Amino acid sequence: RTYSTALSLRAGRLALRPLVTIYVVMYRFNLRTRFIAALLVIMAVLATGFAFAVFRLIEGVEQELGHNVLHHELAEFAQTYREQPERALDSEPGMLTFIVTPDQTAALPPALAAVRPGVSEEVHIAGVDYLAGRQDVGATRLYLAMNNERLESVETQLSMLAVLLVIAGFAIAVGAGFALSHLVTGPVTGLANLVSRLDPAQRGVRLGGPFGDHDVDRIASAFDAYLVRLDEFVAREQAFTDDASHELRTPLSVIASATDLLREDPALPPASSQRLDRIGRAAQRMNGIIEALLFLARGDAAGDIESCELSEIAHDVTEGLRDAAAAKGLALHGEIAAHVTAIAPPAMAHMVIANLVENAIAHTERGRVDVHLDTGRLVIQDTGPGIEAEDLQHVFERGFRGAHSRGRGLGLYLVRRITERLEWRISVQSTPGAGTRFEVTFDSRH
């Protein structure tokens, strides 16, 4: 019993597999295509059943009609033979009659000689199809073969008619499918078009309005309710961004001003001056991070941003970090072409270059860091320990820290986000033990 149950379950799974495959394939298409396909599948099932029934009906009619006529003619043939034997062989057109005794069957056509009494059979005589029967009168055998080609022709015509009806049914199903699919999916398509045209920068937008379908109207109402919550969320985020920007910039401005004032004190010890420089660089870096986050939070398109002088920014970054490189015994070399510009806010361009150079200095213990800028390309090359191959694809991910990383995984993440917003392209190549090369390509403007 257990074995039979297992076989039954396996057979059921095998039977369901084609249906599951059809469902998965249809699910990949859009709603309108699935609707038409479903209609065609239903039409195919109905047409197959219709064609099978028609063919069975034609075959039944042929059998019933042909055999009834044959038996009737064979009975008349036998009756005539009993009453007027000399007229028995007079047959109508399309019929063959034979009267033989058992020892004369060799004279019959071979196909006809095999016919048994009381059984009508289809035979082939001289290239023509016949429906033949046999009736014995005493020791005499009466054979009657009725031409079956006309009946076969009618059967063929009816079969062709059934095929044409099936084809016409498919054509009607396709036309009806397109018409009905437009009627069914029209409201959904209209709603999808409205949703695709929504601008994330616009607030207070609602889909609204009836779409001619109760379910689609409910979906539109749900979208509108979601848009209301989204507007409220964006309003809160914008308020937080504005407040955070103001509240963070104010203390940073105070720190920067106080640092500048303290630097002017002639009695300031060298050690304190170095500490003030570190404070000033940290405040400047924090201000750059704030600018970057605000830039990424805004929805400005890259085409709406003015160009900036990259040459000056790269030179300022290189000179500003030269002391930090020298403190580690590194040579910071800058090969910067003049008058290279790009589409970018100056603060964002400074953020990209400064993060890449600071990252190179931080991860290089000896050797040098090269900054190369020419038309359309910025390259930062170091002689650090390099990046392992399995870590190379993750260096731009938020919070990622490699084996030699001492940061928090935010700098390169911000660089990638900014370059994506500016429609710049950044790539990294690294050889463990030989150094790392970051390359940024951009649309240069002269």
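Since the model is a prediction, treat every value here as computed from it, not as a measurement.
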| query | If you take all heavy atoms of Gly367 and Thr383, which pair is closest and at what distance? | reply | CA-OG1, 3.3 Å
| task | Check for a donor-acceptor pair, side chain of Ser311 on one end and backbone N or O of Ala337 on the other, with a separation under 3.5 Å. | result | yes
| task | Decide yes or no for Phe438 and Val357: does some side-chain heavy atom of the first lie under 4.5 Å from some side-chain heavy atom of the second? | result | no
| query | Got a second to check how far His333's NE2 is from Arg368's CZ, nearest 0.5 Å? | reply | 5.5 Å
| task | Enter the distance from His394:NE2 to Glu388:CD here, rounded to the nearest 0.5 Å. | result | 12.5 Å
| Note, Val428 side chain near Arg437 side chain (heavy atom, < 4.5 Å) | no
| Residues which pass ring-ring contact (aromatic ring centres under 6.0 Å, His included) with His71, listed by chain and number, not counting sequence neighbours | none
| Closest heavy-atom pair and its distance - Ala349, Cys308 | CB-SG, 3.9 Å
| query | Only one of Ile380, Ile418, Ile426 forms a side chain to side chain contact (heavy atoms under 4.5 Å, CB included) with Val352, so which one is it? | reply | Ile418
| Nearest-0.5 Å distance, CD of residue Glu122 to OH of residue Tyr130 | 14.0 Å
| task | Please say whether more than 12 non-hydrogen atoms of neighbouring residues, nucleotides or ligands are located less than 6.0 Å from NE2 in His315. | result | no
| request: State plainly whether the residues Glu319 and Arg322 are in salt-bridge range, i.e. N to O under 4.0 Å. | output: yes
| query | So do the side chains of Thr318 and Leu332 get within less than 4.5 Å of each other, counting heavy atoms only? | reply | yes
| message | Treating Ser273 as the side-chain partner and Pro269 as the backbone partner, does any N or O pair qualify as donor plus acceptor under 3.5 Å? | response | no
| query | Within the side chain of Asp391, is there an N or O that forms a donor-acceptor pair under 3.5 Å with the backbone of Ile387? | reply | no
| message | To check you understand the geometry: which heavy-atom pair defines the closest contact between Ala314 and Leu373, and what is its length? | response | CB-CD2, 3.9 Å
| Below 4.5 Å, heavy atoms only, C-beta onward: do Met95 and Leu144 meet side chain to side chain? | yes
| request: For Asp382 and His363, test the side chains for any donor-to-acceptor distance below 3.5 angstrom and give the result as yes or no. | output: no
| query | Do the charged groups of Arg416 and Glu397 touch, with an N to O distance under 4.0 Å? | reply | no
| query | Do Glu335 and Asp370 touch side chain to side chain, with heavy atoms closer than 4.5 Å? | reply | no
| said: Do Thr441 and Trp424 have side chains that approach each other closer than 4.5 Å (heavy atoms only, starting at C-beta)? | reply: no
| query | Between Ile336 and Val371, what is the shortest heavy-atom contact and its length? | reply | CG1-O, 4.5 Å
| Just by distance, do the side chain of Thr436 and the backbone of Gly384 share a donor-acceptor pair under 3.5 Å? | no
| Hey, is the main chain of Ile361 close enough, under 3.5 Å, to the side chain of Thr364 for a donor-acceptor pair? | no
| query | Can you check whether Val415 reaches Leu356 side chain to side chain, under 4.5 Å on heavy atoms? | reply | yes
| field | Any side-chain heavy-atom pair of Asp265 and Ser272 under 4.5 Å | value | no
| request: For residues Val369 and Ala360, report the shortest heavy-atom separation together with the two atoms involved. | output: CG1-CB, 3.8 Å
| query | So how far is it from Leu414 CG to Met348 CE, rounded to the nearest 0.5 Å? | reply | 9.5 Å
| note | Nearest heavy-atom approach of Glu309 to Val340 is OE2-N, 3.2 Å
| remark: Interatomic distance, CZ@Phe442 vs OG1@Thr375, rounded to 0.5 Å, equals 7.5 Å
| task | First locate atom CG of Asp231, then atom CZ of Arg236, and finally report the distance between them rounded to the nearest 0.5 Å. | result | 11.0 Å
